[in-house]
Amino acid sequence: MGRKVTVATCALNQWALDFEGNLQRILKSIEIAKNRGARYRLGPELEICGYGCWDHYYESDTLLHSFQVLAALLESPVTQDIICDVGMHTEEYLLPRMIQDLTKQETAPFGDAVLATWDTCIGSEICEELWTPHSPHIDMGLDGVEIITNASGSHHVLRKANTRVDLVTMATSKNGGIYLLANQKGCDGDRLYYDGCAMIAMNGSVFAQGSQFSLDDVEVLTATLDLEDVRSYRAEISSRNLAASRASPYPRVKVDFALSCHEDLLAPVSEPIEWKYHSPEEEISLGPACWLWDFLRRSQQGGFLLPLSGGVDSAATACLVYSMCCQVCKSVRSGNQEVLADVRTIVNQISYTPQDPRDLCGRILTTCYMASKNSSQETCTRARELAQQIGSHHISLNIDPAVKAVTGIFSLVTGKSPLFAAHGGSSRENLALQNVQARIRMVLAYLFAQLSLWSRGIRGGLLVLGSANVDESLLVAVSVEQCLAALFPAWYSCRRPRHLTTCVCALTWACCLLLHLLLSGACTQFFGEPSRHLCRTLWLVAAVLLAVLCCTMCGASLMLLLQVERGPQRPPPRGFPTLILLAVLLFLFCGLPFGIYWLSRNLLWHIPHYFYHFSFLTAAVYCAAKPVVYFCLGSAQGRRLPLRLVLQRALGDEAELGAVRETSRRGLVDIAA
């Protein structure tokens with residue numbers, strides 16, 4: 001009997017309830033595995049019916065069609081001479097007649113069991129079981145199971161691939177054995193993206209790596225491994241063998257089949273590889289881009305419409321769409337005919353072949369700048385220039401006529417005209433007018449999404465993309481991290497709590513939410529009749545809180561200044577204490593006046609009218625000066641450096657620059673700011 005086995009695992013882009021399409025992709029993966037010499041093929045979790053069926057799992061039709069696909073697989077000649085592990089939804093022990101006619105058996109055992117072939121033993125765990133403290137592969141390995149499979153449906157989370165690889169390699173490192181991980185691909189019509197990343201590992205090493213962000217619907221990995229390597233590896237671990245002697249045996253289902261061949265002594269085996277990880281920036285760019293492409297092609301729409309405001313949030317969304325276009329062009333150049341067919345369907349041109357991402361972006365993405373009388377020329381220019389850089393079809397329009405029409409109806413009925421706060425209006429008027437502008441922009445976005453292609457003589461509609469800013473309370477967490485790293489570098493490196501950032505963000509958001517809810521309840525009719533006395537009290541509390549935070553910030557900056565001045569070893573970079581002092585002064589004289597104005601206006605304190613313009617001017621100076629501070633902080637002493645390196649020195653992490661000890665000296669200006 002031989003000892004070398006060729007096994008295959010795969011990542012499939014299965015669609016929920018697309019039974020015919022799922023069947024074809026399963027058969028294609030089995031055929032690829034057989035052509036590569038595999039005798040065992042593992043598929044992802046619920047690959048027959050699709051992963052995101054939700055309530056449809058409870059429908060009898062889902063079970064019926066799943067068994068119909070299973071019957072088609074059993075009948076197909078493609079599934080002969082290979083063990084296929086396919087996933088489907090099931091809830092019964094008695095097999096339906098269509099399966100009984102094919103397998104000549106009436107029931108099938110469901111539960112914990114392993115497959116015993118002529119030459120090895122195969123066990124299976126499902127998705128989440130790999131992540132549990134006492135995974136089934138532990139007991140299976142102790143019971144002599146040599147090949148562990150995992151049909152997974154694991155969605156993408158930033159840096160999650162690192163954890164997957166660590167779990168799989170650690171499982172095979174402690175217990176020995178071969179581990180096959182299969183996974184879903186694509187968005188499956190939901191908000192989640194399944195990122196593939198199938199792998200094959202043995203004895204703590206990876207032998208095959210699947211792509212994490214790929215537009216291929218079917219991806220198959222194969223590896224030829226020697227079972228004797230598993231057996232000798234386990235024999236060397238005495239503690240594992242002692243635990244195996246006390247292990248409870250699993251029920252074995254005997255299979256009249258062998259994964260190895262008789263004459264395989266000279267057959268080459270696969271070599272270990274080094275796992276190639278994506279950087280966090282690449283994951284942020286590629287993950288949402290693949291999700292957007294999957295959602296677009298499944299919706300059968302003509303592209304996207306993005307309201308482009310000139311801000312960072314909408315600009316980031318536009319860059320994600322451009323990243324999607326880059327991925328599509330790359331996939332087409334590599335010969336992916338399915339992607340090419342989808343592109344031609346979306347743009348409604350049967351002869352079109354995308355080569356340039358900008359050209360494809362111009363056909364798929366429509367950006368729209370919706371100006372009002374309060375919009376600046378700068379944001380308009382930024383939106384237009386970004387659209388030119390990525391090649392999108394750009395539209396500029398003015399929403400003031402629509403806003404005037406809506407407010408005109410209100411003025412006609414009530415006889416009063418609301419004003420923005422900048423023109424002397426109250427906070428209630430200001431909020432109402434902001435809501436009118438936002439809702440009109442939303443209505444116009446959906447109008448242009450439905451009819452802009454029609455106006456250009458193109459078939460189909462557009463999907464509307466929205467964007468929003470991340471809560472600026474994250475800056476508090478960043479500042480806390482930087483302050484701790486500078487004041488207590490040894491403690492921060494060795495004993496920093498794992499969830500420090502999460503706790504700080506959660507506490508900050510909770511406090512902000514509580515304060516805003518109290519202010520809404522006391523100062524507006526959000527929860528009922530407003531209380532003027534309570535409203536004034538809460539704003540006083542907010543004023544006290546601002547004063548406390550201001551004093552804390554100044555105190556922390558002073559501590560940092562003393563820490564830098566008195567620190568041993570190397571002297572601080574020239575001018576660093578001056579930069580800290582400058583950042584504090586900038587905040588006190590340029591950043592703080594706007595906060596004072598905002599509190600004074602809500603507390604109805606009398607302040608000169610010119611203070612409004614003065615506070616906005618100083619706030620603008622404060623915001624404009626911060627990049628200069630960062631640039632000066634990141635510049636090397638007496639040398640000219642590239643802008644990228646300067647920004648890395650000011651904002652990057654110490655691992656990239658190889659300067660851990662300088663963190664306490666160079667990364668703290670943002671606290672004082």
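Values in this document were obtained by computation on a predicted structure and should not be read as measured data. The first residue of the sequence shown is numbered 1, and numbering continues consecutively from there.
- Annotation: the span from Arg97 atom CZ to Leu94 atom CG amounts to 9.5 Å, rounded to 0.5 Å.
- Judged purely by distance below 3.5 Å, without hydrogens or angles, the side chains of Glu125 and His137 pair a donor atom with an acceptor atom.
- Counting only N and O atoms by type, the side chains of Gln184 and His155 include no donor and acceptor under 3.5 Å apart.
- Under the 4.5 Å side-chain criterion, counting only non-hydrogen atoms from C-beta, Tyr57 is in contact with Leu46.
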Evaluation steps, side-chain hydrogen bond (donor to acceptor under 3.5 Å, both in side chains), between Asn203 and Tyr179 = CA-CA 9 Å; Asn203 298 341; Tyr179 201 103; over 6 Å; no
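- More than 12 heavy-atom neighbours from other residues, nucleotides or ligands sit within 6.0 angstrom of CZ on Arg456.
- Using a 4.5 Å heavy-atom cutoff, the side chains of Leu259 and Thr6 are not in contact.
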key: Residues Ser392, Thr367; criterion side-chain hydrogen bond (donor to acceptor under 3.5 Å, both in side chains); working and verdict   = CA-CA 6 Å; Ser392 65; Thr367 53; 3.0 Å; yes
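- Looking at Gln100, its side chain does come within 3.5 Å of a backbone N or O of Leu95 through a donor-acceptor pair.
- Distance alone, capped at 3.5 Å, is enough to place a donor-acceptor pair between the Gln300 side chain and the Arg297 backbone.
- For the side-chain contact (heavy atoms from CB on, under 4.5 Å) criterion with Lys185, the lone passing option out of Leu215, Asp294, Asp216, Val218 is Asp216.
- Both tests do not hold together for Arg191 against Phe295: distance to the six-membered ring centre under 6.0 Å, angle to the ring axis within 45°.
- Arg358 places a side-chain N or O within donor-acceptor distance of the main-chain N or O of Gln388, the cut-off being under 3.5 Å.
- Across every non-hydrogen atom of Thr9 and Ala198, the tightest pair is CG2-CB, 4.1 Å.
- Within 6.0 Å of atom OH in Tyr277, more than 12 heavy atoms from other residues, nucleotides or ligands are found, so the atom counts as buried in its surroundings.
- Side-chain atoms of Asn183 come within 3.5 Å of backbone atoms of Gly196 as a donor-acceptor pair (strictly under, hydrogens ignored).
- In Lys174, the NZ atom is not crowded: 12 or fewer heavy atoms of neighbouring residues, nucleotides or ligands sit closer than 6.0 Å.
- The 12-atom threshold is exceeded at CD of Gln80, counting heavy atoms of other residues, nucleotides or ligands nearer than 6.0 Å.
- Within the 3.5 Å criterion, the main-chain N or O of Gly177 finds no donor-acceptor partner in the side chain of Glu146.
- Between Ser323 and Ser285, the side chains place a donor N or O and an acceptor N or O closer than 3.5 Å (distance only, hydrogens not considered).
- Between atom OG1 of residue Thr366 and atom CG of residue Leu462 there is a gap of 5.0 Å, rounded to the nearest 0.5 Å.
- With respect to Asp143 and Arg252, a salt bridge is recorded, a charged nitrogen being found less than 4.0 Å from a carboxylate O.
- Tested against Arg3, the residues Asp226, Asp119, Asp264 include a single salt bridge (Lys or Arg N to Asp or Glu O under 4.0 Å) partner, Asp226.
- Within a 6.0 Å radius of CH2 in Trp131, other residues, nucleotides and ligands contribute more than 12 heavy atoms.
- Side chain to side chain, Arg41 and Ser29 meet the donor-acceptor criterion of an N or O pair below 3.5 Å.
- Lys4 places a side-chain N or O within 3.5 Å of a backbone atom of Ala267 that can act as its donor or acceptor partner.
- Checking Ser211 against Glu219 by side-chain atom types alone, a donor-acceptor pair falls below 3.5 Å.
- With 3.5 Å as the limit, one finds a donor-acceptor pair spanning the side chains of Asp256 and Trp118.
- With a 6.0 Å radius and a threshold of 12 heavy atoms from other residues, nucleotides or ligands, Asp55 has its CG atom at or below the threshold.
- Taking a cutoff of 4.0 Å between a charged side-chain nitrogen and a carboxylate oxygen, Arg298 and Asp18 do not qualify as a salt bridge.
- At distances below 3.5 Å, at least one donor-acceptor pair connects side-chain atoms of Thr79 with backbone N or O atoms of Leu73.
- Side-chain N or O atoms of Asn150 include none that pairs as donor or acceptor with a backbone N or O of Ser124 at under 3.5 Å.
- Applying the 6.0 Å contact sphere to CZ of Arg333 captures more than 12 heavy atoms from other residues, nucleotides or ligands.
- In this structure a side-chain-to-backbone donor-acceptor pair under 3.5 Å is present from Lys34 to Val78.
- Side-chain atoms of Ser314 do not come within 3.5 Å of backbone N or O of Leu308 as any donor-acceptor pair.
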